[in-house]
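Okay, so here's the structure we're looking at.
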Amino acid sequence: TQSTWGHSECLFFFAFKPKPNLSSTLLTMLSSVFRSARRIPAPRLARSVVTLDFGGVKEEIIERADYPITKCKDILSNEVTAVLGYGPQGRGQALNLRDQGFKVVVGVNKGRSWEKAIEDGWKPNENLLAIDEAAHAGTIVQFLISDAGQIKVWPQIKDQLTEGKALYFSHGFGVVYRDQTGIVPPSNVDVILVAPKGSGLTVRTHFLEGRGINGSWAVHQDYTGRAKDRALATSMAIGCGHVFQTTFEKEVSSDLTGERCVLMGMLQGAFKAQYDVLRANGHSPSEAYNETIEEALCSLYPLVAEKGMDWMYANCSTTAQRGALDYAPLFEAAIKPVVELCYKNVKEGKEAARSIERNSSADYREELQKELDAIASQEMWVVGRNLRPLRPENAGK
């Protein structure tokens, strides 16, 4: 175990080690000094927060070592976190908080999410409550209901936000587009954000695997003077590995653009374009799928994730390298105008308006399922469902 003696106490001991001929009075005095010294904690050097320099742009990165769980528990010792909503993000964050020993309650309406919460061990009337009851019980209120859902329940939640509480988001949509959502937090509460860079499912699975997920954090309103600590302590409590600072506005702009472009929309569009061209030129479904999707997801993208695009290029054939280097600028030129249009629509609130309109309709779930079914029925994904079980790691499952 680590010694609690400081350097000065150790030097004192060796310099004044009791000798047999010392008087009993002196021995008693020295013994008392040693016992007192043993109770003095050794001074610890404060850890410096990591600052990274990206070509002249410096960013402060907060890691788990800056906010270890013991520190987070000290910061949140008098807090009750109320997680409102039990979709992927709410479920992942709530379970991670609970597993790490934080005080947490879940707020959700009765239905599928309520039943799922019970399956996960939440107890009705103890730590599983109605949405407004959980908001009343919590001192940090995590508003993790869908963007459209937040608009509907906001009047109930606002009434529960008494002075000194913290209103927490994992997406700044409701606050940034307040002219469309009506979500205007009271002036006497903290308003904070922690946005994991991944789905709620990933937040949970990474935690269970002993990994962390990256995230961003922001303070929109600091009423108590503790908003930053509340945000950063919660970021580690929900399972983040490191977080970078942003604003509510920048989080929304980057998040909505990413989802519509590289992360989801463009990915589906690019996969389908290449698959369709290969099929139109006589390639078999298996070949088109493997050359478009399987190799990308299982072979090449993991290399990019591990060490970067240049490293992936360097570990491919020279023929592949030459073609990728030649065609990448062409794709950049073709795609950039679409990304710029998307970003413009996001900034102007057009994407928010469309999302609110579509997602608030009475037949939203039915219409969404039709669109998802249309993707699922595309030949490339039908092929994928039949080929994935043939992967060696899936043999016998």
Side-chain angles (χ1 to χ4, degrees), residues 47-52 54 59-76 81 83 85-104 106 116-117 119-122 140 142 144 168-171 192-218 229-246 251 254-255 258-259 262-264 267 294 296-312 315 388 391-394 397:
R47 183 183 183 279
S48 299
V49 173
V50 173
T51 299
L52 300 180
F54 301 104
E59 289 194 55
E60 186 179 87
I61 306 298
I62 305 296
E63 300 177 275
R64 285 178 177 171
D66 302 306
Y67 277 78
I69 290 301
T70 52
K71 178 178 179 178
C72 296
K73 286 184 176 180
D74 286 342
I75 294 170
L76 303 177
T81 300
V83 180
Y86 207 68
Q89 200 62 247
R91 179 177 182 268
Q93 294 194 31
L95 290 174
N96 291 357
L97 282 161
R98 187 181 71 181
D99 287 357
Q100 297 207 82
F102 293 90
K103 290 173 282 190
V104 56
V106 170
K116 179 61 177 174
E119 290 176 13
D120 288 337
W122 301 98
I140 297 177
Q142 293 193 343
L144 302 184
Y168 167 111
F169 295 86
S170 281
H171 187 32
I192 59 179
L193 173 144
V194 176
K197 298 298 113 179
S199 71
L201 178 62
T202 310
V203 170
R204 183 60 177 164
T205 55
H206 278 206
F207 174 82
L208 293 175
E209 293 167 0
R211 304 162 60 189
I213 190 166
N214 303 338
S216 60
W217 71 276
D229 265 354
R230 280 170 139 178
L232 291 174
T234 303
S235 75
M236 301 305 160
I238 67 168
C240 287
H242 76 255
V243 291
F244 59 90
Q245 189 171 11
T246 185
E251 187 280 330
S254 59
D255 189 72
E259 292 166 348
V262 171
L263 301 178
M264 296 173 67
L267 193 63
E294 186 78 358
L297 299 181
C298 297
S299 178
L300 300 183
Y301 290 1
L303 297 182
V304 179
E306 184 180 354
K307 291 188 178 179
M309 186 68 74
D310 58 318
W311 193 78
M312 187 267 278
N315 285 277
R388 281 193 294 273
R391 294 172 183 167
E393 67 268 24
N394 294 331
K397 291 184 179 180

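With salt bridges taken as basic N to acidic carboxylate O contacts below 4.0 Å, one links Glu294 and Arg391. A salt bridge is absent between Asp229 and Lys71: the closest approach of a Lys/Arg side-chain nitrogen to an acidic carboxylate oxygen does not fall below 4.0 angstrom.
Counting only N and O atoms by type, the side chains of Thr202 and Ser199 include a donor and acceptor under 3.5 Å apart. Side chains of Arg204 and Asn96: a donor-acceptor N/O pair is present below 3.5 angstrom, by distance only. A donor-acceptor pair shorter than 3.5 Å can be found between the side chains of Gln93 and Ser170.
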Item checked: Evaluation steps, side-chain contact (heavy atoms from CB on, under 4.5 Å), between Arg230 and Ile140 -> CA-CA 8 Å; Arg230 280 170 139 178; Ile140 297 177; 4.3 Å; yes
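Side chains of Ser216 and Val243 form no contact here, defined as non-hydrogen atoms less than 4.5 Å apart. Two residues are said to be in side-chain contact when any heavy atoms from C-beta on lie closer than 4.5 Å; Lys307 and Leu303 fail this criterion. With a 4.5 Å cut-off on side-chain heavy atoms, Thr81 and Tyr168 do not count as touching. For the pair Leu76 and Thr234, the minimum side-chain heavy-atom distance is below 4.5 Å. Between Trp217 and Leu193 there is no side-chain heavy-atom pair separated by less than 4.5 Å. Looking at heavy atoms from C-beta onward, Thr205 lies in side-chain contact with Leu201 at the 4.5 angstrom threshold. The side-chain heavy atoms of Tyr67 and Ile75, taken from C-beta on, include a pair separated by under 4.5 Å. The side-chain heavy atoms of Phe207 and Gln100, taken from C-beta on, include a pair separated by under 4.5 Å.
Here Met309 contributes atom CE and Trp311 contributes atom CH2; the two are 13.0 Å apart, rounded to the nearest 0.5 Å. To the nearest 0.5 Å, atom CE of residue Met312 and atom CG of residue Leu300 are 5.0 Å apart. Here the NE2 atom belonging to His242 is positioned 9.0 Å from the CE atom belonging to Met236, to the nearest 0.5 angstrom. Note that CZ of Phe102 is 6.0 Å distant from NZ of Lys73, once rounded to the nearest 0.5 Å. Note: Glu306 CD to Asn315 CG = 9.0 Å, rounded to the nearest 0.5 Å. The distance from the NE2 atom of His171 to the CG atom of Asp255 is 5.0 Å, given to the nearest 0.5 Å.
Side chain of Gln142 to backbone of Gly85: no donor-acceptor contact under 3.5 angstrom is found. Between the side chain of Ser254 and the backbone N or O of Glu251 there is at least one donor-acceptor pair closer than 3.5 Å. Asn214 places no side-chain N or O within donor-acceptor distance of the main-chain N or O of Cys240, the cut-off being under 3.5 Å.
Val104 approaches Ala94 most closely through the heavy-atom pair CG1-O, 4.3 Å. Here the closest heavy-atom approach between residue Val83 and residue Gly90 is recorded as CG1-O, 3.5 Å. For the pair Leu144 and Gln89, the tightest heavy-atom approach, listed with the atom from each and the gap, is CD1-O, 4.1 Å. The two atoms that bring Ala231 and Val194 nearest to each other are O-CG2, 3.4 Å, heavy atoms only.
The cationic group of Arg98 lies under 6.0 Å from the six-membered ring centre of Trp122 and within 45° of the ring axis, placing it in a cation-pi geometry.
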